[in-house]
Amino acid sequence: MLEQPPERTISEVEAEVAAQSQHPQERKVHGCFRMLVNAMPSCVAVILSFGLLLVGLGGYGGSSARSQTALLIAVITLLLAITYGIGLFDANLSHEVRLSPAEQRRRKVLMHALVFTGYQIIIIPAAMASVVGIGAAVCSGIRI
């Protein structure tokens, strides 16, 4: 015959519930949402690149190399600022940042945003190359 587990008292059950409430569980929705947040700078880069292409083709702002370089620097600066802002938003979703003490929270948020921007500097060119490759394949008639 199988041995039955010992009965627990009400105080033991209450202590277990209190211990579980001390550690908030991560929401599974945050994982999916953070994946979308990580993809957002790549989407912004694609949109800004097509905007830059349209502006460059239209000859808006002059066609000199100096004006085109200035436009490119402005777009890259804007993209980095947007990426850093998205990194700040992502930091607020971070479980580690939310559980940190108030005096360390600001530093952790800023560092998280910097690391996020650094990762995006690597990810964005790869995503752009993929988008350009898929676009070239579609335009050339290759079925994906």
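What you see is a predicted model, and the numbers here were worked out from it, not measured in a lab.
- Distance alone, capped at 3.5 Å, places no donor-acceptor pair between the Q120 side chain and the T83 backbone.
- Under the 4.5 Å side-chain heavy-atom criterion for grouping Ile, Leu, Val, Met, Phe, Trp and Tyr, I123 is not connected to F89 through any hydrophobic cluster.
- For the residue pair A113 and G87, the shortest heavy atom distance occurs at CB-C, 3.8 Å.
- The minimum heavy-atom distance linking K108 with V97 is given by the pair CB-CG2, 4.1 Å.
- At most 12 heavy atoms of other shown residues, nucleotides or ligands fall within 6.0 angstrom of atom CD in E96.
- From I121, atom CD1 reaches atom CD1 of I76 across 10.5 Å, with rounding to the nearest 0.5 Å.
- Taking CG of N38 as the reference point, atom OH of Y119 lies at 10.5 Å (rounded to 0.5 Å).
- Annotation: the span from S100 atom OG to R107 atom CZ amounts to 9.0 Å, rounded to 0.5 Å.
- Residues V109 and R106 fail the side-chain proximity criterion, which asks for heavy atoms closer than 4.5 Å.
- The two residues D90 and F116 make their nearest non-hydrogen contact at OD2-CD1, 3.7 Å.
- With a 4.5 Å cut-off on side-chain heavy atoms, N92 and H112 do not count as touching.
- Distance check, rounded to the nearest 0.5 Å: CG of L114 to CG of L88 gives 8.5 Å.
- Atom OG of S42 and atom CD1 of I47 lie 11.0 Å apart (nearest 0.5 Å).
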I would like to know whether L78 and V44 meet side chain to side chain contact (heavy atoms under 4.5 Å, CB included); could you show each step before the answer? CA-CA 10 Å; L78 181 64; V44 170; over 6 Å; no
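- Taken to the nearest 0.5 Å, the SG atom of C43 stands 12.0 Å off from the CD1 atom of I82.
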